[in-house]
Every structure is written in structure tokens, then in C-alpha cells.
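Hydrogens, waters and symmetry mates are skipped; everything else that's a heavy atom, side chains included, is used.
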Amino acid sequence: MDLPLRTDLSSASLAPAVGRRLPLTAIFVASDAAALLLASFLWSGLDDLGLMFAFTGTALALMAFSGHERPRINPRVSDDLAALVAVLAIAAVLVAQSGDDVRLHGLLRVFPVTVVLFVAFRAVACKLVRTARARGYVVDRVLIVGAGEQGSHLASILLAHPEYGLRPVGFVDSFDDRGLPLPVLGRIEDLADLISRYGVRRLIIAFGGTREPEMVRTLRSLDPLPVEIHVVPRFFEYGGISAGGHVDDIWGIPLVQLRRSALRSLAWRVKRAVDVVASSVLIVLSSPVMLACAAGVRLSGPGPILFRQKRVGQRGEIFELLKFRSMQQNNASDTQWSASGGDLLTPFGKFMRKTGIDELPQLFNVLSGSMSLVGPRPERPYFADRFSVDVDGYADRHRVPVGMTGWAQVHGLRGDSSISQRAHFDNQYIEHWSLWKDVVILARTVSTVVKGEGG
């Protein structure tokens with residue numbers, strides 16, 4: 001039975017206190033700063049104010065970078081104690097090494113007291129966070145995806161325990177809402193509209209009647225929205241759920257927080273800065289090679305030096321990709337699938353393809369922002385349209401900028417290889433992206449070029 005999108009619930013009727021939001025992170029930062037300043041005072045007194053502020057600032061920066069200043073749904077000092085002590089130790093060692101032996105001895109003497117103070121202040125902060133949530137000062141509206149037994153149980157728990165700061169507004173599923181503690185507001189395809197309509201800040205995936213492939217596609221489409229996603233793991237009753245900053249729990253039910261879109265992170269902005277700087281430097285360094293290629297292409301036969309072709313980039317936008325021309329002129333190249341070019345390749349073109357230097361002009365695409373150094377390889381519009389229909393998850397590759405090289409390419413998925421496997425590797429790259437992964441891909445690409453395994 002198709003369920004209509006529920007429109008009988010107003011956002012104002014759901015959570016009158018949601019608009020009053022306290023900055024919970026500020027509670028943790030203030031608490032941590034107070035504990036660290038007090039510990040520094042015990043360490044050095046007022047004789048070394050530089051030490052006090054250096055230790056406090058270093059420790060707070062490390063905690064912010066590692067995500068330990070963001071309150072959990074169910075904040076407990078014990079969950080993060082080992083990681084917090086490690087951060088304090090690193091900060092103390094860094095500061096102590098900047099001075100003399102007196103600082104180091106002071107560190108060893110006062111560090112246990114520092115840990116005790118920090119834990120005590122953190123415990124107070126956790127209590128304040130739970131109290132603020134219970135009194136409605138900080139409430140996140142929640143949609144529960146899955147109206148089965150697990151989803152219904154979760155809704156009942158959240159309604160009975162306001163200290164989690166999560167107020168469920170309804171379910172998303174194909175079931176009707178008879179016997180449920182909250183209404184079914186719509187189906188999985190309505191999710192984006194429901195998030196906007198009810199001001200939802202978090203999703204809890206409790207599964208239900210929606211097939212998982214369909215759910216994956218929908219969740220990927222939510223990347224631009226400011227919503228956090230938590231999943232109830234399958235078979236969590238049997239254990240095996242590792243602890244960590246991404247795992248929380250609600251009344252004994254674990255919730256694994258999904259990593260959100262890389263495009264929303266500070267590191268992604270760093271990636272763009274690296275692209276600009278690296279492409280500029282590489283253009284200068286490779287200019288003699290590019291001049292030699294231009295001369296070689298000109299001497300290899302009639303036609304332009306640069307091959308320009310329409311490709312599909314981020315968000316499906318069309319851009320013009322640049323390469324050195326390695327083939328004889330071919331007017332059917334936009335719609336003709338050819339893995340290697342076959343007899344159309346010129347002798348000099350074969351050399352460029354083998355070494356990969358025919359793609360050096362794409363550094364200008366990177367500099368202009370239409371491409372990145374690393375990302376899914378761009379395809380021609382004709383084939384991108386076909387693959388988006390025939391290959392599951394292919395269109396999801398367009399969530400990020402396309403690249404000169406990518407995760408699929410360094411696994412040998414180029415030329416006439418499986419398109420579905422390429423899509424799988426590209427989406428895996430997006431969902432597990434990091435700056436370090438880009439470094440690994442670039443290193444493996446250089447290795448491939450040096451070994452002459454390109455093309």
C-alpha cells in the first residue's frame with residue numbers, strides 16, 4: 001500500500017523548545033579549559049604563564065582536531081577516557097620538550113593530578129549536557145527510518161528519555177502506523193522533503209520494509225543536507241561492535257554514526273588548495289615536456305595539438321577536458337567506445353599513451369577547478385547517460401569533482417574494464433576519502449607511469 005506524505009503535523013507542534021539551542025560544544029571547551037588551566041597553575045604557579053596557556057591551547061587544539069570536544073548522544077567520560085588521557089599526555093610532552101628539565105620533572109609530578117582534574121571537570125560537563133537536553137534547551141528532531149519492532153522500540157525509548165536530546169517526529173517506511181508510538185510520515189523516497197519540512201537534524205536507520213540498495217541511493221542523495229545519520233547495526237545483540245567516537249548508544253542499543261560527505265569537511269577545502277598549488281607547480285615543472293609533446297603531435301600528422309572533448313564532471317556538469325592529441329582525427333569519438341584507439345593511434349600517440357604524458361594538459365583543468373588531481377575519472381556524456389541507467393550507483397560518482405587519476409584506475413580498472421566495478425571503487429573512494437588516501441593514489445599512479453603500465 002502506498003502511503004501519502006503526512007502533512008498534518010506542523011513543525012511548531014513537534015518541539016516547542018527546539019529553537020532554544022545552547023552550544024553544547026562550548027560547555028565541553030569551557031570545562032576542559034578550566035581543568036587544564038588549573039592543572040597548569042599547579043604545575044608552574046604564576047611564574048610561567050606562557051606554559052599555562054601553551055599547555056591549555058595545545059591540549060584543546062588536539063581534542064578539537066580529534067573530535068573529542070563534540071558531545072556524544074549519551075556522553076560519559078569512561079567511553080573516551082583512554083583517548084583523552086593520550087591527548088593530554090601528547091600535549092604535555094610537546095610543551096615540556098620546549099623547555100628545560102625542570103618542566104619535564106614538573107610534568108611527571110603533576111600529570112596524574114591533571115588527569116584527575118580533567119576527568120572531574122568532564123564529568124560535570126557531561127551532567128550539564130544531559131540536564132540541558134532533558135530540560136529542552138537542546139533538542140534535535142529525529143526521523144526513524146524503519147517502522148518495525150526495532151524502530152518502534154527506539155521511538156519509545158527516546159520519548160521516555162529526553163536527556164538524550166533526541167525528539168522523534170515519526171517514521172519513514174512503507175508500513176501503516178497502526179500500533180506505533182508515532183506516525184509514519186512517508187516513504188524512503190520522501191526523505192529529503194521530510195528532513196526539510198520538519199527541521200530534522202538526525203536520522204536513525206533501524207531498517208524495516210525498504211530494500212538496502214534503495215536506501216543506499218537515498219542516503220547518498222542526502223549529502224548536501226545538514227543531517228547526521230546513525231545506524232542500528234545488524235545482530236548487535238551478539239556483540240562485535242567496536243567502541244570509538246563514531247559509536248554511541250541509546251538505552252543499551254548501539255548507534256553507529258555514518259561518516260558524512262567529505263565535501264562538508266575542512267580537509268576537503270585543503271584538498272582544493274593542494275590541487276591549486278600542486279597543479280601550478282607541476283605545470284611549470286612539466287612545461288618542457290609539454291612543449292616537446294606539442295612539437296611531437298604537430299609532426300605526427302595533421303590536426304590540432306590539443307584534443308578537446310566534452311566530459312561529465314561534478315553534479316553532472318559538462319566541461320571540456322584537455323589532452324594532447326594521440327589519435328588521427330575521429331569525428332565519432334564522442335559516441336564510439338574504444339579502449340585503446342586501435343589503428344587510429346599515431347606512433348607518437350602510442351608513446352604518449354604508454355607514458356601517460358598525453359594527459360598533462362589536464363593540469364589546466366585542475367587549476368581551473370573543473371577537475372581534481374584525484375577523483376573518479378570523467379566520462380563522455382553519451383556513455384555517462386547510458387551507464388547511469390544500466391549500472392547501479394554510477395551516477396553517485398558525480399558527488400565529487402572528477403580527477404586525473406583515481407581509486408579505480410590504480411586498481412587497474414581502465415580501458416575496457418568493468419564499469420560496475422569502476423563505480424564500486426569510485427563510490428568507495430568518496431565514502432572513505434581522506435587526504436592520505438589521495439597521497440596513496442598519487443604515489444601508486446606515479447609508480448604505474450614509471451613502470452610504463454599506463455594507457
Side-chain angles (χ1 to χ4, degrees), residues 15 18 21-29 31-32 63-87 119 122-146 150-169 171-172 195 200-208 215 219 222 225-261 264-265 431-432:
V18 169
R21 296 187 60 83
L22 292 178
L24 294 186
T25 299
I27 295 177
F28 273 23
V29 172
S31 166
D32 293 347
M63 285 181 214
F65 181 78
S66 59
H68 286 107
E69 297 291 20
R70 294 191 299 270
R72 292 172 176 265
I73 294 174
N74 188 12
R76 291 185 296 250
V77 179
S78 58
D79 289 341
D80 299 312
L81 183 57
L84 291 171
V85 171
V87 169
V119 169
R122 264 282 173 138
V124 173
C126 289
K127 176 63 176 177
L128 289 174
V129 167
R130 287 192 293 268
T131 300
R133 286 169 169 169
R135 295 184 178 180
Y137 289 105
V138 185
V139 177
D140 287 344
R141 293 175 183 163
V142 177
L143 274 174
I144 298 176
V145 180
Q150 190 65 261
S152 178
H153 182 48
L154 269 170
S156 299
I157 289 173
L158 293 179
L159 291 171
H161 292 274
E163 67 270 19
Y164 293 128
L166 304 180
R167 183 164 301 179
V169 300
F171 296 98
V172 176
I195 289 170
V200 170
R201 291 178 179 269
R202 297 181 190 263
L203 295 178
I204 296 180
I205 311 299
F207 301 96
M215 189 177 296
L219 294 181
L222 303 180
L225 300 181
V227 61
E228 300 300 328
I229 302 175
H230 304 266
V231 177
V232 179
R234 302 281 199 183
F235 307 113
F236 71 86
E237 298 91 342
Y238 296 96
I241 307 300
S242 60
H246 65 294
V247 180
D248 223 305
D249 73 272
I250 294 177
W251 209 245
I253 299 175
L255 295 180
V256 178
Q257 185 170 3
L258 297 186
R259 183 179 176 186
R260 300 302 290 123
S261 172
R264 295 166 54 183
S265 67
E431 271 127 29
H432 300 276

Practice prompt. Indicate the atoms forming the closest heavy-atom contact of Ala155 with Pro168, along with that distance.
Written response: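 Minimum heavy-atom separation between Ala155 and Pro168: O-CG, 4.1 Å.
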Got [X] and [Y] here, is their nearest side-chain heavy-atom distance under 4.5 Å?
X      : Y      : result
Val232 : Ile205 : no
Val231 : Leu255 : no
Val142 : Val169 : no
Glu163 : Val129 : no
Pro162 : Arg133 : no
Asp32  : Met63  : yes

Check side-chain contact (heavy atoms from CB on, under 4.5 Å) between [X] and all other residues, then give those that pass, not counting sequence neighbours.
X      : result
Ser156 : Pro181
Val77  : Leu81, Val119, Arg122, Ala123, Cys126
Asn74  : Arg76, Tyr164, Asp248, Asp249

Straight-line distance of [X] [atom1] to [Y] [atom2], nearest 0.5 Å:
X      : Y      : atom1 : atom2 : value
Ile204 : Leu154 : CD1   : CG    : 5.5 Å
Leu203 : Gln257 : CG    : CD    : 11.5 Å
Ile157 : Ile253 : CD1   : CD1   : 4.0 Å

Discussion item. Check whether Arg201 reaches the backbone of Leu166 with its side chain - one donor and one acceptor, N or O, closer than 3.5 Å.
Written reply: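 Looks like no, no N/O pair under 3.5 Å.
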Worksheet item: Distance-only, no hydrogens or angles: does the Thr131 side chain make a donor-acceptor pair with backbone N or O of Lys127 under 3.5 Å?
Response: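 Flag set: sc Thr131 to bb Lys127 pair under 3.5 Å.
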Discussion item. Among residues at least two apart in sequence or on other chains, which ones pass side-chain hydrogen bond (donor to acceptor under 3.5 Å, both in side chains) with His153?
Written reply: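 side-chain hydrogen bond (donor to acceptor under 3.5 Å, both in side chains) list for His153, sorted by chain: empty.
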Practice prompt. Applying side-chain hydrogen bond (donor to acceptor under 3.5 Å, both in side chains), name anything that partners Arg202, two or more places apart in sequence or on another chain.
Written response: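 With sequence neighbours excluded, Arg202 shows a side-chain hydrogen bond (donor to acceptor under 3.5 Å, both in side chains) to Asp140, His230, given in chain and number order.
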